[in-house]
Amino acid sequence: MTSLDDLPIRDDLRGLTPYGAPQLEVPVRLNVNENAYRVPEAVALDIVQEIARALPEANRYPDRDFDTLRGAFADYLGHGLEPAQIWAGNGSNEVLQHVLQAFGGPGRSLLSFTPTYSMYPLLAQGVGMEWVPVPRAADFTLTPEAVRAAIAEHDPDVVFLCSPNNPTGTAIGLDVVEAAAEAARGIVLVDEAYAEFAHDRSQTALTLLERFPRLLVSRTMSKAFAFAGIRVGYLAADPAVIDALRLVRLPYHLSAITQAAAIAALRHSDEMLARVDALREQRDRIVDELAALGLQPHPSDANFVLVGGIADPARTFRSLLDRGILVRDVGLPGTLRITAGTPGETTALLAAMAELLAE
Ligand SMILES: *Cc1c(COP(=O)(O)O)cnc(C)c1O
């Protein structure tokens, strides 16, 4: 047996830890922002039939450019987008990796505003980029001025703006995205993984794509479409950007099964978005009820809430786990991050929090 330390691993990977949110089999899982609802039976059946149609041809490589799926994403997103403006990967994490492989790499830098998605520094590290974290204001909001100043100071090659932001739930205004797109010399990507959960869904950076050819907007089916287990993320941008991403993807990276599953699921977007509405209600309920209990939930446009005012987060985390409820300690002092669940799951969470606070 050898150990990691004995291997000739890249120097810049020594001592790092991989992404690793706990995967525990407990009754109420509110820790990784999954969609609390299972894939509806009728949707699952349609997906299985679409896969069944694709399977006899599995001896051939899949459609390398996934044209049908790109058309389906363009239709779903609207805003006049064409299939030539769409890219997809096995989860939006892969899409983000493609972006950094094409536009980042050694000697280049990725700037983002922290606290933000914990994968950004790992993705930067993976392609040998410098990671430039710029702290947000105390309430986690961003202003056009702050974004312009950070970009002027650090002159990054790539800027990631997460909106709504994970783990804080903060949505950023389109004026902030515009400021970044105007100020940056390189690529600006808006990670809209939680866009469907926003209070105002019309506030999407998709509306700015026409004006800014170096602006990219990424989305995922993991959250709104309850598809975390299938792995489908996508992106909209200028067709030239899509050409750049083609240079770094592995050949045939989207399997025929993945393409079939996503195409079928997108046919049911109305039904899936109705469940998103139900989850938005539970998200708002968590904010209202935990505030009434004296905690400090941050305003959220995502399917989770970052809750402040928790005296001992590690202890609250364990006490909730003892009651079969898994939440996330993202390492921000005095906080826990809680994903909105079904009404029943949310009731269990709120009852447990009330009990713990009364102790
Ligand atoms: C969940 C999440 C994603 C989506 O990841 P997938 O690889 O598509 O499952 C992307 N960005 C952020 C900020 C997320 O929280």
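Hydrogens, waters and symmetry mates are skipped; everything else that's a heavy atom, side chains included, is used. Small disclaimer: the values here were computed from a predicted structure and weren't measured. Atoms within each ligand, like the ligands themselves, are counted from 1 in listed order.
- With atom 3 (C) of ligand 1 as the reference point, the heavy atom nearest to it among Arg219, Lys223, Arg231 is part of Lys223.
- For the ligand labelled ligand 1, residue Asp191 lies inside the 4.0 Å heavy-atom shell.
- Within the structure, ligand 1 lacks Ala228 among the residues with a heavy atom less than 4.0 angstrom away.
- Taking every heavy atom of Ala193 and a limit of under 4.0 angstrom, the matching atoms of ligand 1 come to 2 (C), 3 (C), 10 (C), 11 (N), 12 (C), 14 (C).
- Scanning both residues, Pro40 and Glu271, for their nearest heavy atoms gives CB-OE2, 3.4 Å.
- For ligand 1, one of its N or O atoms has an N or O atom of Asn166 under 3.5 Å away.
- The shell of residues lying under 4.0 angstrom from ligand 1, judged by heavy atoms, includes Ser222.
- Among protein heavy atoms, the minimum distance from atom 15 (O) of ligand 1 is reached at Tyr194 OH, 2.6 Å.
- With atom 10 (C) of ligand 1 as the reference point, the heavy atom nearest to it among Pro164, Gly89, Ser92, Ser118 is part of Ser92.
- Distances between N or O atoms of Asn90 and those of ligand 1 include no value under 3.5 Å.
- Although no hydrogens or angles enter the test, the distance criterion places a donor-acceptor pair under 3.5 Å between the side chain of Asn31 and the main chain of Pro22.
- Proximity to Cys162 (heavy-atom distance under 4.0 Å) selects the following atoms of ligand 1: 13 (C).
- For atom 5 (O) of ligand 1, the closest heavy atom belonging to the protein is Asn93 ND2, 3.1 Å.
- In terms of polar-atom proximity, Tyr120 is not counted as a contact of ligand 1, lacking any N or O under 3.5 Å from an N or O of the ligand.
- In terms of heavy atoms, Arg283 sits closest to Val305 at O-CG2, 3.8 Å.
- Panel note: side chain Asn35, backbone Phe227; no donor-acceptor pair is recorded below 3.5 Å.
- A donor-acceptor pair under 3.5 Å is formed between the side chain of Arg214 and the backbone N or O of Arg185.
- In terms of modelled atom types and a separation under 3.5 Å, the side chain of Asn166 and the main chain of Tyr117 share no donor-acceptor contact.
- Between Trp87 and His253, the two ring planes are parallel [angle under 30°; tilted spans 30° to 60°].
- Taking a 4.0 Å cut-off on heavy atoms, Met119 fails to register as neighbouring ligand 1.
- Relative ring orientation between Tyr76 and Phe225 is described as perpendicular, the plane-to-plane angle rising above 60° on a 0-90° scale split at 30° and 60°.
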Side chain to side chain contact (heavy atoms under 4.5 Å, CB included) between Arg267 and Asp46, worked out: CA-CA 9 Å; Arg267 287 200 285 262; Asp46 194 19; 3.1 Å; yes
